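As structure tokens, the structure follows; a few thoughts come after it.
Since the model is a prediction, treat every value here as computed from it, not as a measurement. Chain letters run A, B, ... following the sequence lines, proteins first and then strands; every chain starts at 1.
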2 protein chains.
Amino acid sequence: MTKLENIIKGAEQHCRRKGTRLTLKRQLILRCLLLRKKPTSAYGIKTYLKENYGEEMPATSIYRILSFLQENLLVHKLQAHNKFIACAHIVCKHDHGTPQFLICQKCETVKEIDSNSALIEELQRDIRRSKFQLISPQLEMLCICNDCQTETATKSI
Amino acid sequence: MTKLENIIKGAEQHCRRKGTRLTLKRQLILRCLLLRKKPTSAYGIKTYLKENYGEEMPATSIYRILSFLQENLLVHKLQAHNKFIACAHIVCKHDHGTPQFLICQKCETVKEIDSNSALIEELQRDIRRSKFQLISPQLEMLCICNDCQTETATKSI
DNA sequence: AATAATTATGAAACATTGTATCATTGAAAT
DNA sequence: ATTTCAATGATACAATGTTTCATAATTATT
């Protein structure tokens with residue numbers, strides 16, 4: 001079984017456990033995001049579906065399905081560019097505490113890292129101290145990735 | 001001198017030091033954000049200008065001016081909702097390391113907090129370890145503020 | 001199995017956010 | 001005074017997201 005199919009199967013199980021359904025359309029959109037790897041906008045998915053599956057899906061449905069996938073922790077929305085990306089931890093026991101995304105501003109590569117959980121806990125303490133309660137823990141950090149760094153360095157010589 | 005005028009004066013000095021100019025239009029938009037206090041969209045500013053100053057400003061100009069204010073560290077853009085807010089530290093020696101915003105999802109109140117800088121440094125180390133380089137350090141955390149929490153708690157009784 | 005109830009998706013129209021391009025105005029500099 | 005550069009205006013458009021109402025598919029109930 002391919003890795004992709006394995007992830008899809010994992011996602012199905014995950015939904016079943018939560019009492020929700022990973023319908024074919026939802027599966028299709030998850031597939032897109034898994035294949036694309038890079039963050040993709042809702043309309044980007046629309047185009048991708050059209051070009052690769054001949055499937056015309058209305059924007060409303062795509063947004064709805066993306067919401068479903070987010071609620072079921074299968075997809076993250078990157079606020080920084082209004083784009084979506086498949087969760088990197090669908091088939092591992094990794095918990096979904098506070099995902100942290102490093103986003104390259106040049107090539108849009110995204111790396112989901114796992115900082116020291118003590119660090120995250122301290123951040124949480126700071127938040128509680130300010131009388132706020134974290135509801136959607138997610139950190140996005142706008143970066144330049146190593147490849148793009150060396151690229152520009154070379155160019156400027 | 002009012003606090004507002006004091007901040008505007010501070011912003012002017014700040015620009016002068018950087019060799020940029022806080023023109024009247026730029027000042028006007030900064031004023032809006034300082035008065036509104038809550039995060040405001042570009043078009044929200046447009047409406048505000050119209051209603052409160054009778055000033056019709058094209059969207060392009062507003063976006064341009066917001067970019068200017070961001071570059072000059074007078075305004076932050078909150079990625080989470082595509083809205084803008086005046087920097088809380090225009091007239092203090094506070095440095096602009098890594099601003100951290102707690103954003104209430106109900107009432108949109110924003111609190112700019114200052115976590116322990118050791119914490120931020122560790123986050124930076126994690127990033128470097130992943131071979132990324134932070135370029136626009138800013139953390140946005142989606143929360144519920146204390147007021148909205150107690151409000152819903154009361155309602156549910 | 002037939003029907004009702006619920007959940008999921010489609011379609012159309014629209015609202016909001018953001019940008020590209022080119023023209024115009026205003027300020028600063030020689 | 002004229003040139004130059006910086007700042008703003010105007011128009012058109014692209015991209016993102018939502019509202020509303022209709023239809024289809026699934027599940028539950030009899």
Intermediate values then yes/no, salt bridge (Lys or Arg N to Asp or Glu O under 4.0 Å), K25(A) and E55(A): CA-CA 10 Å; K25(A) 307 264 175 185; E55(A) 175 104 16; 2.9 Å; yes
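- In this entry the distance linking CG of L30(A) with P of dA8(C) reads 16 Å, nearest Å.
- In terms of heavy atoms, G10(B) sits closest to V91(B) at CA-CG1, 3.8 Å.
- As judged by a 4.0 angstrom heavy-atom cut-off over every strand, K77(B) is placed among residues touching the sugar-phosphate backbone only.
- Residue K83(B) is the one, among K83(B) and R21(B), whose nearest nucleotide of DNA chain C lies closer to the 5' end (criterion: closest heavy atom).
- Between Y53(B) and Y48(B), the ring planes are tilted. Angles from 30° to 60° get that label.
- Taking the six-membered ring for Trp and the full ring otherwise, the centers of F84(A) and H76(A) sit at least 6.0 Å from each other.
- One can place NE2 of H81(B) at 10 Å from P of dT18(D), the figure rounded to the nearest angstrom.
- Checked by atom type, the side-chain pair Q138(B)/Q79(B) shows no donor-acceptor distance below 3.5 Å.
- In terms of position along DNA chain D, the nucleotide closest to T23(B) lies nearer the 5' end than the nucleotide closest to the other residue of the pair Y43(B) and T23(B).
- Rounding to whole angstrom units, CG of residue L22(B) and C1' of dA7(D) are separated by 13 Å.
- For the pair Q79(B) CD and dT16(D) C1', the interatomic distance rounds to 15 Å; values are reported in whole Å.
- Other residues, nucleotides and ligands contribute over 12 non-hydrogen atoms within 6.0 Å of the NZ atom of K18(B).
- Computed from coordinates, the I45(B) CD1 to dT8(D) P distance equals 14 Å when rounded to whole Å.
- Atom NZ in K46(A) sits about 13 Å away from atom C1' in dG17(D), given to the nearest Å.
- Of all the residues in residues 57-74 of chain B, M57(B), P58(B), T60(B), S61(B), R64(B), I65(B) reach under 4.0 Å from DNA chain D with at least one non-hydrogen atom.
- Each of K25(B) and N82(B) was assigned the nucleotide of DNA chain D with the nearest heavy atom; the assignment lying further toward the 5' end belongs to K25(B).
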